[in-house]
Amino acid sequence: MSVLDKFEKKIEGAVNDIFGKFGSKDLQPVDLSSALEREINAQAMPVDRDRTVAPNEYRFKLSTPDFDRIDQWGSETLANELADNLTKYAESQHYAFVGPVVVIFEEDLDLPRGEYKLTSESVQGNAAPVTTPSETKDCPVLEINGRQYLLTAAKTILGRGSNCDIVIDDPGISRSHLEIDITDTGVIARDLHSTNGTYVEGHQVPAATLVNGNTITIGRTRILFWASSEPQD
C-alpha cells in the first residue's frame, strides 16, 4: 500500500500512522500531491501535434517544522511515492518527460509552517518513463513493474537510492544495484557489487550482453529488456 493510500485511510480512521500527529496547520501528503498535479498542468507545453512535454524535476521548499516532520517520517519514501503518482497522472494526461520524475524537499528558514514553494523544470535524464503511445524513439527499453523506460544515454543506473536513474522500491535491491551500458557491440547489464546479485534468465552474472526479450531479476523485481521501443508482440 502506498504512502498516500495509507494517509487517505488514516483520514477515514482505518489506520493509525505518524501522519495522525500532523496538526491542522501542517502540510499533508495529499496537499503536496495536489500541488504537483497543478504544477504539471500549468507547465506542460506542446512541442508538436502529438507530444506535450512536462517538467520532470519538482522542488518543494518547506518550512522548518514541515521539513523536519517529513524527514522524520522518511522523506525519500514520500518523494518516491509522490514521483510515482505524478508519473501515473502524466500517463492519464498524455504528458511526456525527458528524464525520470524526481521530487526534492528543501528547507526554507523564512517560510511559515504549512506554507511551501514549488518550482519545476525539465532535466534531461539517462532514462525517461514512457507515458504516451506516440513515444517510439529507436532506443532500448526496460519494462519494470508494468512501466516502460526509454534508455536514452550510454549508461543507466538502477537501484533503490534516490540518485539512481531508475529508482525501484524493493528492499532486496541495493542502493546502486545494476548498470545498463549501451555500447557499439551490444547492450550490457553489469552488477554493481550488489548484496543480492543480478540474474539474467535465471543465472547469476557479474555482467551479460542482453538480447531482445531477456529477463533480468534484481531482488524481487523482474525486468524485461526490449531492444527498441517499437511495440512488442
Side-chain angles (χ1 to χ4, degrees), residues 2-5 7-8 19 26-71 73-135 137 144-145 147-153 156-169:
S2 73
V3 173
L4 299 178
D5 287 341
F7 180 72
E8 292 292 350
F19 287 125
D26 294 314
L27 282 176
Q28 312 290 1
V30 290
D31 297 329
L32 303 178
S33 182
S34 296
L36 289 169
E37 290 185 6
R38 291 193 298 270
E39 179 71 8
I40 197 173
N41 287 335
Q43 301 301 328
M45 181 176 297
V47 294
D48 57 40
R49 187 178 64 181
D50 300 319
R51 183 174 169 85
T52 298
V53 174
N56 60 297
E57 184 171 292
Y58 296 81
R59 194 174 300 270
F60 280 104
K61 290 187 180 295
L62 305 169
S63 70
T64 297
D66 291 316
F67 181 84
D68 289 346
R69 187 171 289 104
I70 288 176
D71 187 60
W73 190 88
S75 58
E76 185 173 308
T77 299
L78 179 58
N80 289 342
E81 184 63 37
L82 288 169
D84 186 63
N85 281 9
L86 190 62
T87 303
K88 292 176 182 176
Y89 179 75
E91 291 174 356
S92 72
Q93 301 300 308
H94 306 294
Y95 296 151
F97 299 112
V98 299
V101 179
V102 178
V103 176
I104 300 167
F105 298 120
E106 295 180 344
E107 182 180 10
D108 188 324
L109 299 177
D110 296 326
L111 279 176
R113 189 175 74 176
E115 295 187 12
Y116 63 86
K117 295 178 181 178
L118 174 59
T119 58
S120 62
E121 61 180 324
S122 290
V123 180
Q124 188 76 40
N126 293 355
V130 177
T131 54
T132 68
S134 62
E135 291 180 90
K137 285 183 64 176
I144 307 170
N145 296 328
R147 176 165 293 144
Q148 293 187 335
Y149 297 85
L150 293 170
L151 303 184
T152 57
T156 304
I157 305 297
L158 291 79
R160 191 165 41 85
S162 59
N163 61 330
C164 291
D165 300 307
I166 301 177
V167 178
I168 305 174
D169 184 15

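In what follows, residues are counted from 1 in the order of the sequence shown.
- Side-chain contact between L158 and I168 is present, with heavy atoms from C-beta onward closer than 4.5 Å.
- Rounding to the nearest 0.5 Å places OH of Y95 at 12.0 Å from CE of M45.
- For the pair S63 and G114, the tightest heavy-atom approach, listed with the atom from each and the gap, is OG-N, 4.0 Å.
- Between L118 atom CG and L62 atom CG the span is 9.5 Å, to the nearest 0.5 Å.
- In this structure, CG on N145 lies 9.0 Å from CG on D169, to the nearest 0.5 angstrom.
- Scanning all heavy atoms of the two residues, the minimum distance from P29 to L82 falls at O-CD2, 4.1 Å.
- In terms of heavy atoms, A83 sits closest to V101 at CB-O, 3.5 Å.
- Between Q124 and T152, the shortest heavy-atom contact is NE2-OG1, 4.4 Å.
- Applying the side-chain hydrogen bond (donor to acceptor under 3.5 Å, both in side chains) criterion to D84, with sequence neighbours excluded, gives K88, R147.
- Shown here for L111 and Y116, the closest heavy-atom pair between the two residues is CD1-CA, 3.9 Å.
- Using a distance-only test at 3.5 Å, with no hydrogens or angles considered, no donor-acceptor pair links the side chain of S34 to the main chain of D31.
- For the pair D108/E106, no side-chain contact is recorded, criterion being any heavy-atom separation below 4.5 Å from C-beta on.
- Every residue two or more places apart in sequence or in another chain that forms a side-chain hydrogen bond (donor to acceptor under 3.5 Å, both in side chains) with E107 is listed here: T64.
- Atom-to-atom distance recorded for I40:CD1 and N56:CG is 9.0 Å, nearest 0.5 angstrom.
- The closest side-chain donor-acceptor pair between E39 and S120 falls under 3.5 angstrom.
- Checked options T119, I104, L36; the residue passing with Y58 is L36 (criterion: side chain to side chain contact (heavy atoms under 4.5 Å, CB included)).
- Atoms CG and CZ, from L150 and F97 in turn, are 12.5 Å apart once rounded to the nearest 0.5 Å.
- A pairwise comparison of heavy atoms in P55 and A44 identifies CD-N, 4.3 Å as the closest pair.
- Of the candidates D66, I70, V103, I70 is the only one forming a side chain to side chain contact (heavy atoms under 4.5 Å, CB included) with L32.
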Using the side chain to side chain contact (heavy atoms under 4.5 Å, CB included) rule, take N80 and E76 through it: C-alpha gap first, then chi angles, then the decisive distance, then the call. CA-CA 6 Å; N80 289 342; E76 185 173 308; 3.9 Å; yes

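- The CD atom of Q93 sits 8.0 Å away from the CD atom of E37 when rounded to the nearest 0.5 Å.
- In this structure a side-chain-to-backbone donor-acceptor pair under 3.5 Å is missing from N126 to T156.
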